[in-house]
Number of protein chains: 2
Amino acid sequence: MRETTGEQVGTNVSDTALRGFVGYNMKRAFNAVQADLTRTLAPHGLRMITYSVLALVVENPRLRPSALAKALTVERANLVVYVDQLEQAGWVTRTPSSTDRRAYALQATLEGQQVYARAMAAVRDHDQRMLGALDPSDVAVVNKALATIEAQGRSL
Amino acid sequence: MRETTGEQVGTNVSDTALRGFVGYNMKRAFNAVQADLTRTLAPHGLRMITYSVLALVVENPRLRPSALAKALTVERANLVVYVDQLEQAGWVTRTPSSTDRRAYALQATLEGQQVYARAMAAVRDHDQRMLGALDPSDVAVVNKALATIEAQGRSL
DNA sequence: TATTGTTATACTCTATAACTATA
DNA sequence: TATAGTTATAGAGTATAACAATA
């Protein structure tokens, strides 16, 4: 028998008022993904954001910080710190631009490329873990929908 | 003509190395959603997390903090601060449990219920804005997939 | 011994203002 | 005037350790 005057103590807490909203579902899912991804990257000396920065520097040689910040939708001011960390680790270099003395060209060192390659393999495994229970067709729908939602949000 | 020695400066920065991963797409989409939701809730004196706490307290009368923390997957230590804020605003009360002298029962005040009702309407509009460009069938797939991904992540 | 609520603390991400040196 | 990189700072979310009171 349940006491009618007792407190809600068990696992029967209802969150149906929130489950209807994408924002709530996205936050919950993203938190779970982020926790596993953080654990995945830590042994490689990277976090989500520094992994992303390193990936784009590897993929886009001689990338400028301002272009990188725009691509990742990160404030330039914050990007500086992430590049500092990658530079101090010896994985990314800043070389002065030949045409614009305000600007720099970012490049991954050989070690940076190797670290990235190893981390990417781990991230790929992580991704498989997270998506293992889903149909590939659903994954495609989700990725496309996320891009659409992002574009919608940015336009407001 | 493009200089072969120049830096990548334009909008042609490739992030295909990251686009293949759900985590990256989720982070981008969630950031955009969160920015609009933050703007949506600010006039009501709420943030995402305090809105969620208030919602569950309204929906689950006499809820215990520990059960609430578990339902929202939030640390108890952090929940204390959110409840403090809602209590100071006069929207939630802590009353001692009649059966367990360590515990409290959370309840929404009348004003808390009214604030929640108004905020919920705004959140509903926000949700419509974010999903406006998607098929309802895709929304269903996304919500279900997000729940599956979350469950997968939590189990690791 | 375990649980409830709590305090304190540290780390990370995000956002803004303001500065310098160049363009 | 505007832009590139930078510094400083504040707000917010997340995570852990440790404690008193109670179960």
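Here is the naming used below: chain letters follow the sequence lines, and residue numbers restart at 1 for every chain.
- Nucleotide dA12(D) holds its P atom 17 Å from the CD atom of Glu75(A), rounded to whole Å.
- For the pair Leu46(B) CG and dA12(D) P, the computed distance is 13 Å after rounding to whole Å.
- Distance, Gln34(A) CD to dA12(D) C1': 13 Å, rounded to whole Å.
- Along DNA chain C, the stretch of nucleotides lying under 4.0 Å from any heavy atom of chain A spans, 5' to 3', dT12(C) to dA23(C).
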Next on the checklist: What verdict does the salt bridge (Lys or Arg N to Asp or Glu O under 4.0 Å) test give for Lys144(A) and Asp138(B), after you've listed the backbone C-alpha separation in whole Å, the side-chain angles of each residue and the deciding distance to 0.1 Å?
Outcome noted: CA-CA 10 Å; Lys144(A) 193 176 172 199; Asp138(B) 284 356; over 6 Å; no

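- Put simply, the side chain of Thr109(A) gets close to the backbone of Gly90(A): a donor and an acceptor are under 3.5 Å apart.
- A close approach under 4.0 Å does occur between a side-chain nitrogen or oxygen of Ser66(A) and OP1 or OP2 of dG5(D).
- Salt bridge annotation for Arg124(A)-Asp127(A): absent, with no cationic side-chain nitrogen under 4.0 angstrom from a carboxylate oxygen.
- What separates CZ of Arg154(B) from P of dA15(D) is a distance of 9 Å, to the nearest Å.
- Of the side-chain N and O atoms in Arg39(A), none sit less than 4.0 angstrom from OP1 or OP2 of dA15(D).
- With Asn60(B) contributing its side chain and Val13(A) its backbone, the two residues share no donor-acceptor pair below 3.5 Å.
- Here Ile49(B) lies in heavy-atom contact (under 4.0 Å) with sugar-phosphate atoms only.
- Looking at which nucleotide of DNA chain C each of Ala77(A) and Arg47(A) is closest to, the 5′-most match is held by Arg47(A).
- In this structure, the CZ atom of Arg76(A) is 7 Å from the C1' atom of dT3(D), given to the nearest Å.
- One atom, CG of Asn78(A), and another, C1' of dT6(D), lie 12 Å apart when rounded to the nearest Å.
- Residue-to-nucleotide proximity on DNA chain D shows that, of Asp100(A) and Asn31(A), the 5′-proximal contact is made by Asp100(A).
- Side-chain atoms of Asp135(B) never come within 3.5 Å of backbone atoms of Ser137(B) as a donor-acceptor pair (strictly under, hydrogens ignored).
- Phe30(A) comes within 4.0 angstrom of nothing in the nucleic acid, heavy atoms only.
- Side chain Arg102(B) to base dA23(D): no donor-acceptor pair is found below 3.5 Å.
- In the model, Arg28(B) has a side-chain atom that pairs as donor or acceptor with a side-chain atom of Thr73(A) under 3.5 Å.
- Between Leu72(B) atom CG and dA15(D) atom P there is a gap of 14 Å when expressed in whole angstrom units.
- Side-chain N or O atoms of Asn25(B) include one that pairs as donor or acceptor with a backbone N or O of Arg19(B) at under 3.5 Å.
- The CG atom of Leu41(B) sits 11 Å away from the P atom of dG13(D) (whole-angstrom rounding).
- Across dA23(D), dT6(D), dA15(D), the shortest atom-to-atom separation from the side chain of Arg101(B) is found for dA23(D).
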